[in-house]
Amino acid sequence: MKLLLLLLAFCSISLSRCEEKLVPYDYSATIECLENPYKPQYNGGIIVNPDLQNGSQGWSQFGNAKVDFREFGGNKFVVAQQRNQSYDSVSQKVYLEKGILYTFSAWFQVNKGNAIVEAVFKTNDEIKHAGSVVAESKCWSMLKGGLTVDESGPADLYFESEDTSVEIWVDSVSLQPFTQNEWNSHQEESIIKTRKGSVRIKVVNSEGQPLPNATISIVQNRLGFPFGCAVEQNILGNLPYQNWFTKRFTVTTFGNEMKWYSTENVRGKENYAIADAMLSFFKEHGVAVRGHNVLWDDPKYQPAWVKSLSGNDLYNAVKQRVVSVVSRYKGQLAGWDVVNENLHFSFFESKMGPRASYDIYAMAHAFDPKTIMFMNEFNTLENPKDLQSCPARYLEKLRELQSIRVAGNIQLGIGLESHFSTPNIPFMRSALDTLAATNLPIWLTEIDVDAPPNVQANYLEQVLREGHAHPKVRGMVMWAGYNPSGCYRMCLTDGNFRNLPTGDVVDKLLREWGGLRSQTTGVTDADGFCEASLYYGDYDLNISHPLTNSGASQNFKLTFNDTTSSQTQPSVFVFRD
């Protein structure tokens with residue numbers, strides 16, 4: 001038996017539904033302001049009279065607002081007017097259960113200008129913010145959010161806006177509860193559709209006859225989904241750290257070494273030696289690097305000499321910085337965080353005018369037009385109460401950057417830092433849904449969890465699972481670079497590079513996702529076939545048979561084609577011993 005033939009067919013697969021009937025999750029979100037709202041998601045879920053077709057049924061006044069039920073063009077809605085307090089609005093009583101995950105959506109309009117409107121749930125013991133949207137006049141905007149509660153009990157759903165001069169118009173309200181089992185099933189379904197493919201292997205003998213009982217071994221060499229961790233310069237020359245890191249991760253971010261205060265501490269004296277050495281090391285080990293960052297909008301983190309500059313002097317210094325760092329690493333990075341945290345901070349806008357970010361992104365694109373230019377911000381996923389960086393405000397800034405007129409379209413990316421304390425997972429998913437409607441690549445760029453040791457690892461696992469399962473997230477980087485003097489908020493290992501509980505979570509997920517050289521084995525059936533469901537990535541495949549010394553081996557890559565519903569065309573490999 002001198003010949004083994006191997007056929008690998010890459011084909012799309014569908015999730016087998018559980019016998020238990022589970023409510024599917026609706027990932028859709030609308031970011032345009034529409035003449036009429038869509039129907040309520042989930043037919044309103046547990047909301048009574050969600051589309052206001054039955055007038056005041058289920059709805060009542062909240063605070064001192066005057067509530068009015070209206071109809072325009074066949075569409076019925078409720079209006080809260082004559083508002084003196086932010087919370088003066090309309091309300092509905094609901095019963096919320098501990099352990100249940102709630103996804104919320106509603107459509108809003110205001111009678112003049114625009115205003116932030118929030119969805120709030122008030123229980124006996126706490127106030128929970130479920131999300132917010134910038135509501136406009138003359139069209140309807142969709143808010144999508146979510147929440148969990150610490151104790152079961154009744155709650156008042158109401159809507160608030162700090163701008164008390166506006167009327168709040170409300171329609172198409174939905175509150176859908178999911179059990180943890182249902183939530184996990186959404187993740188599993190999404191993973192199978194977007195992170196995995198099936199491989200069908202056929203083994204035949206030299207006469208082309210099926211060869212049963214052949215042993216198939218498939219080992220994943222590299223994750224297809226970019227997953228990594230930040231590092232600092234102390235990884236250079238530290239072999240145990242290097243081995244620990246490169247065994248696990250496919251992407252990294254330098255915590256400080258590319259930042260302006262590191263490369264030009266004294267004006268005109270640039271030093272990229274450390275960043276260059278780090279980039280060289282990671283290139284050698286096949287680890288992609290995110291560029292972090294070109295500029296940082298936080299006034300605290302400017303080089304000391306920059307803080308006193310203004311006018312043309314500042315503009316020239318900024319331009320030199322952009323030209324220098326972007327040109328130096330052109331085409332070598334997985335993306336650039338261009339004006340870091342420009343929703344919470346405005347150092348450059350305060351000195352260069354409101355178009356500062358616009359101009360800086362345009363500059364960066366001009367010197368590296370093929371690299372994705374990211375907005376990178378915190379609290380967009382983490383905190384629904386932070387209105388500076390809520391998804392609606394993020395989208396406003398993103399639209400400003402999308403209006404940049406340059407030669408060729410600027411490639412923009414959505415960077416979400418993901419510095420969590422207690423994760424609000426339903427809000428996280430809904431915020432991702434909203435931003436995913438842009439069809440831009442989404443990365444979770446600085447994941448960590450600031451929480452007590454007894455829950456930190458569990459919370460980290462929740463965040464990583466949710467990010468990995470979301471169909472529009474394209475990569476994740478944790479902000480847990482090891483430093484002997486202490487990690488930022490979360491470490492994965494101790495000083496001897498033995499895993500802490502958070503590191504154990506990472507390894508558990510890596511093995512689940514096919515990392516750490518996870519192995520899949522099987523045996524061909526009577527027709528010579530063996531099938532396996534695999535995460536996308538690079539693989540080694542080996543075939544052997546107990547009745548012959550012949551064998552076969554091959555490397556192959558299983559990839560997802562985002563433009564079609566199936567993977568790559570079937571490939572045929574022929575092996576000779």
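Please read these numbers as outputs of a predicted model, since none were measured by experiment.
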F420 ring center near F378 ring center (under 6.0 Å):
no
Donor + acceptor pair across side chains of S217, T521 (<3.5 Å):
no
Which of these, K319, E264, E270, sits in a side-chain hydrogen bond (donor to acceptor under 3.5 Å, both in side chains) with S324?
E270
Are side-chain heavy atoms of F374 and I414 found at a separation under 4.5 Å?
no
Carboxylate-amine/guanidinium contact D150 K98, below 4.0 Å:
no
Hey, are R489 and D450 close enough for a salt bridge, meaning a charged N less than 4.0 Å from a carboxylate O?
yes
Are V231 and Y241 packed together at the side-chain level, in the sense that at least one heavy-atom pair is separated by less than 4.5 angstrom?
yes
Side-chain heavy atoms of E466 within contact of V463, under 4.5 Å:
no
Testing R393, H344, Q388, K397 one by one against E377 for a side-chain hydrogen bond (donor to acceptor under 3.5 Å, both in side chains), which residue passes?
H344
Are the ring centres of Y301 and F347 closer than 6.0 Å?
no
For the residue pair H468 and F227, is the inter-centroid distance of their aromatic rings smaller than 6.0 Å?
no
Separation between CZ of R290 and CG of L333, rounded to the nearest 0.5 Å:
9.5 Å
Do S346 and D297 have side-chain N/O donor and acceptor atoms under 3.5 Å apart?
no
Answer yes or no: is there a donor N or O on one side and an acceptor on the other, between the side chain of E188 and the main chain of S185, under 3.5 Å?
no
Would E461 and R465 pass as an ion pair if we require N to O under 4.0 Å?
yes
Does Y361 reach the side chain of E400, with side-chain heavy atoms less than 4.5 Å apart?
no
Any carboxylate oxygen within less than 4.0 angstrom of a Lys/Arg side-chain nitrogen, looking at E257 and K259?
no
Pair D433, K472 - check salt bridge (charged side-chain N to carboxylate O under 4.0 Å, His left out), show working.
CA-CA 8 Å; D433 294 345; K472 295 301 182 180; over 6 Å; no
Quick check: Y27 with Y25 (ring centres under 6.0 Å apart)?
yes
Could you check whether any side-chain N or O of E126 sits under 3.5 Å from a backbone N or O of K122, counting only pairs where one atom can act as donor and the other as acceptor?
no
